[in-house]
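Working notes for the structure below.
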Amino acid sequence: MNRTDATSPRPAAVVLGRHTDGGCVLVLCDGAGEELGREVCVPDDLAAAVARWERTSPLWVVRTLRDAYPPLLAAGIRLRRAHDLLLCHAILRDTASLAEPLPASRRWIRAASAEPRPQALFEVDAGAAPDDEIDELLAEWARQRAALRRAPDARLDLLCRAESTGALVAEEMTAAGLPWDVAVHEGILEGALGPRPLTGARPAKMAQLAARVGEQLGERDVPIDSPPRLLRSLHRAGILVESTSRWELAEQEHPAVAPLLEYKKLARLHTANGWTWLREWVRDGRFRPIYLTGGVVTGRWASSGGGALQIPRSLRPAVRADAGWRFVLADVAQLEPRVLAAMSQDRAMADAARGADLYEGVVRSGAVSTRSEAKYAVLGAMYGATTGESGRLMPRLRKVFPRAMGLVDRAARTGEEGGVVSTLLGRSSPPPDGAWRDAQSRASDPAAGGVEERRARSRARDRGRFTRNFVVQGTAAEWSLLWLAEIRHRLSALPAAVSPAPASGPVFAGGAHLAFFLHDEVIVHCPAEQADAAAEAVQAAAVAATARLFPGFDIDIPLDLRIADDAGKDA
DNA sequence: CGTTGCAGCGCG
DNA sequence: AAAGCGCGCTGCAACG
């Protein structure tokens with residue numbers, strides 16, 4: 001059996017795959033991907049083998065970290081570097097920055113769910129027999145390295161490395177979990193909803209509000225949970241709204257409206273994050289969502305399980321650090337417009353972005369006269385507003401920030417014409433689907449009617465708004481990915497805590513670790529004595545991410561950073 | 001009966 | 001107040 005002594009190969013990379021007989025195989029490779037040797041083991045011995053090779057800090061090449069990494073973490077092993085073939089395949093297959101992107105293959109499409117995949121579905125056009133998974137991995141890795149060599153610059157490589165490191169972070173965060181105080185959560189629920197009801201029953205405060213709505217509408221047992229039936233009840237009472245949505249109801253001056261809106265708020269809390277949610281998703285003081293890295297076409301992460309990306313701000317106080325531990329809470333104010341300023345190299349917008357409040361900077365630039373105008377104008381620029389106040393302000397932004405506005409306007413035009421747009425590092429938008437192209441070609445037919453033409457134009461504008469936003473949201477996601485990777489790197493280099501209070505799982509008991517990530521904010525959980533150093537690491541990571549994504553361009557991306565025992569203090 | 005689509009609302 | 005992007009989850013209603 002191989003040992004990491006002077007006579008053993010010192011692999012730059014190890015490809016990890018399944019073997020014919022259900023065992024595991026590690027292929028040791030040099031920096032060029034040339035095979036140096038192999039090691040075969042039974043699954044029970046895999047963790048030990050990985051731990052041994054990890055001492056030499058190789059690049060671990062796997063089909064997907066989503067499957068490969070959790071069992072290793074459970075065995076107490078953290079990997080420093082990895083290459084996720086599935087995630088990188090998607091990037092290199094769709095990117096427009098390569099003349100010859102990776103050929104599409106059904107073997108390299110991620111399954112929709114986290115459940116084990118039925119193999120048969122994926123073997124249809126497989127180039128290799130399932131027995132030879134390791135050969136398939138080696139071949140795919142070779143294709144990906146070749147694709148990256150053909151790239152005009154290093155940006156795609158940076159994206160693939162960041163994407164893979166993001167996947168490491170995601171699995172580590174699931175394993176560590178977000179510390180969650182059940183008693184605090186229950187206190188919030190009881191304060192808002194009343195005592196915990198018997199299963200199936202409506203909480204007391206919701207029942208009271210429903211009764212008041214009924215009195216005001218002059219109707220017993222209003223079908224308050226059924227939008228279409230509630231709408232008819234509202235109409236009978238003379239409240240002429242077109243839907244039961246919040247903003248429309250808020251415009252009505254009827255005594256039934258206030259209790260109805262309050263009911264909706266409580267119902268949302270009860271159904272989405274009530275006692276049922278607590279029982280199902282919080283175990284041993286930890287909320288463990290599954291992060292789906294690259295789950296959104298723009299490169300943002302999606303999640304599954306417990307609605308991790310939608311935890312209401314009112315529940316943030318339930319996010320509580322372990323005894324003797326602290327949180328470092330950090331978020332970026334107005335990340336997307338700052339990223340737009342930098343990626344378009346718009347000096348005027350970057351100057352407006354200097355400091356904590358970009359919108360005040362936009363006012364100082366003279367483009368608009370109030371902060372709230374600035375906010376809606378900037379959001380409208382990125383989302384493609386055409387009507388209302390926001391749409392009206394667009395020409396003024398174009399005049400003051402021509403480069404930034406030119407970038408998003410061009411992205412919108414490309415999308416309307418059916419083209420593909422890309423982020424700064426080279427993640428590309430999906431091409432239009434068949435239905436979209438059919439609608440456009442039907443409308444360009446001389447015999448097309450006005451209805452078809454209007455419909456096609458409307459679909460084209462929809463797509464233009466999507467591609468307009470794609471370049472900004474996607475590049476912002478790249479900044480966040482680099483930020484996460486830099487945080488992880490710096491946290492692992494922190495001096496060990498002298499006497500950390502016991503916390504977390506076995507892997508993370510020793511010190512600071514990322515515990516939560518949501519688009520532009522992170523939560524680090526750390527022993528109290530590491531809190532200052534961890535906060536500095538998070539700050540330094542942001543500076544490093546900015547320098548890597550926008551080399552040579554001066555852009556301010558400031559953090560709102562604080563150390564606290566819970567996540568609710570300034571919510 | 002189970003599945004699918006939609007409305008509504010939470011997050012960025 | 002402003003309605004323009006991206007998600008996930010819930011419950012209801014319509015559908016097969």
- Flag the pair A/Glu360 and A/Arg364 as a salt bridge only when some basic side-chain nitrogen lies within less than 4.0 angstrom of an acidic carboxylate oxygen. no
- Query: Reckon A/Arg465 has a side-chain N or O less than 4.0 Å from the OP1 or OP2 of C/dC5?
  - Reply: yes
- Item | Rounded distance in Å - CD (A/Glu373) to P (C/dA1) | 16 Å
- Would you call A/Arg229 and A/Glu219 a salt bridge, using N to O less than 4.0 angstrom? no
- Query: Does a salt bridge link A/Asp520 with A/Arg338, judged by any charged N lying under 4.0 Å from a carboxylate O?
  - Reply: no
- Query: A/Leu335 near the nucleic acid: base, sugar-phosphate alone, or nothing, with a heavy-atom cut-off under 4.0 Å?
  - Reply: nothing
- Crowded around A/Arg212 CZ? As in, over 12 foreign heavy atoms under 6.0 Å? no
- Query: Looking across every strand, which nucleic acid part, if any, lies under 4.0 Å from A/Tyr376 by heavy atom: base, sugar-phosphate, or nothing?
  - Reply: base
- Query: What integer distance in Å separates A/Glu336:CD from C/dG6:C1'?
  - Reply: 9 Å
- Message: Which is it for C/dG4, anti or syn, if anything within 90° of zero counts as syn?
- Response: syn
- Note on the structure: Each base of DNA chain C marked ( ) or [ ] if paired in-strand (Watson-Crick or G-U under 3.5 Å), | if paired to another strand and . if unpaired gives ....||||||||||||
- Task: Would you kindly give the CZ-to-P distance between A/Arg371 and C/dA2, to the nearest whole Å?
- Result: 18 Å
- Task: Please tell me which of A/Trp247 and A/Val296 maps to the more 5' nucleotide of DNA chain C, matching each residue to the nucleotide holding its nearest heavy atom.
- Result: A/Trp247
- Would you check if the distance from the ring center of A/Phe287 to the ring center of A/Trp277 is below 6.0 Å? yes
- Does the C/dG8 base have a donor-acceptor partner in the side chain of A/Gln310 within less than 3.5 Å? yes
- Rounded distance (Å) that lies between atom P of C/dG4 and atom NZ of A/Lys375: 17 Å
- Item | For the student: nearest non-hydrogen atoms of A/Leu340 and A/Ala404, plus distance | CD1-O, 3.8 Å
- Return the value, rounded to whole Å, for the distance between atom CZ of A/Arg468 and atom C1' of C/dC5. 11 Å
- Task: Would you mind classifying the nucleic acid contact of A/Ser372 as base, sugar-phosphate or nothing, using non-hydrogen atoms under 4.0 angstrom?
- Result: base
- Query: Is a side-chain N or O of A/Thr475 found less than 3.5 angstrom from the main chain of A/Leu424, in a donor-acceptor match?
  - Reply: yes
- Atom NE2 of A/His519 and atom P of C/dG6 are separated, to the nearest Å, by 13 Å
- Query: At their closest point, which heavy atom of A/Thr467 faces which heavy atom of A/Ala411, and how far apart are they?
  - Reply: OG1-O, 2.8 Å
- Note on the structure: Residues pairing under ring-ring contact (aromatic ring centres under 6.0 Å, His included) where one sits in residues 294-313 of chain A, two or more places apart or in two chains, turn out to be A/Tyr291-A/Trp301, A/Trp301-A/Phe517
- From CG of A/Asn469 across to C1' of C/dC5 the rounded distance in Å is 4 Å
- Item | A/Glu389 with A/Arg392: basic N within carboxylate O range, under 4.0 Å | yes
- Crowded around A/Lys375 NZ? As in, over 12 foreign heavy atoms under 6.0 Å? no
- So what does A/Gly464 touch, heavy atoms closer than 4.0 Å: a base, only the sugar-phosphate, or nothing? nothing
- Whole angstrom is fine here: how far is it from CZ in A/Arg392 over to P in C/dA3? 11 Å
- Check the surroundings of atom CZ in A/Arg93: do more than 12 heavy atoms from other residues, nucleotides or ligands lie under 6.0 Å from it? yes
- Query: Does A/Glu171 pair with A/Arg66 as a salt bridge, N-O distance under 4.0 Å?
  - Reply: yes
- Message: Among residues 249-284 of chain A, which ones have heavy-atom contacts with DNA chain B below 4.0 Å?
- Response: A/Lys264, A/Arg268
- Note on the structure: Its 5'-most and 3'-most nucleotides having an atom under 4.0 Å from a non-hydrogen atom of chain A, DNA chain B is contacted over B/dG8 to B/dG12
- Find the distance between CH2 (A/Trp479) and CZ (A/Phe550) and round it off to the nearest 0.5 Å. 9.5 Å
- Task: Select base, sugar-phosphate, or nothing to describe what A/Gly391 touches, counting heavy atoms under 4.0 Å on all strands.
- Result: nothing
- Message: Quick check on side-chain contact (heavy atoms from CB on, under 4.5 Å): which of A/Leu249, A/Leu234, A/Leu217 does A/His254 satisfy it with?
- Response: A/Leu217
- Item | Polar side chain donor-acceptor pair, A/Arg236 to A/Ser233, under 3.5 angstrom | yes
- Query: What orientation do A/His185 and A/Trp180 show, parallel under 30°, tilted 30 to 60°, or perpendicular over 60°?
  - Reply: tilted
- Which residues in residues 479-488 of chain A have at least one heavy atom lying under 4.0 Å from any atom of DNA chain B? none
- Using heavy atoms and a sub-4.0 Å distance, could you list which residues of residues 219-244 of chain A are near DNA chain C? By number, please. A/Asp225, A/Ser226, A/Pro228, A/Arg229
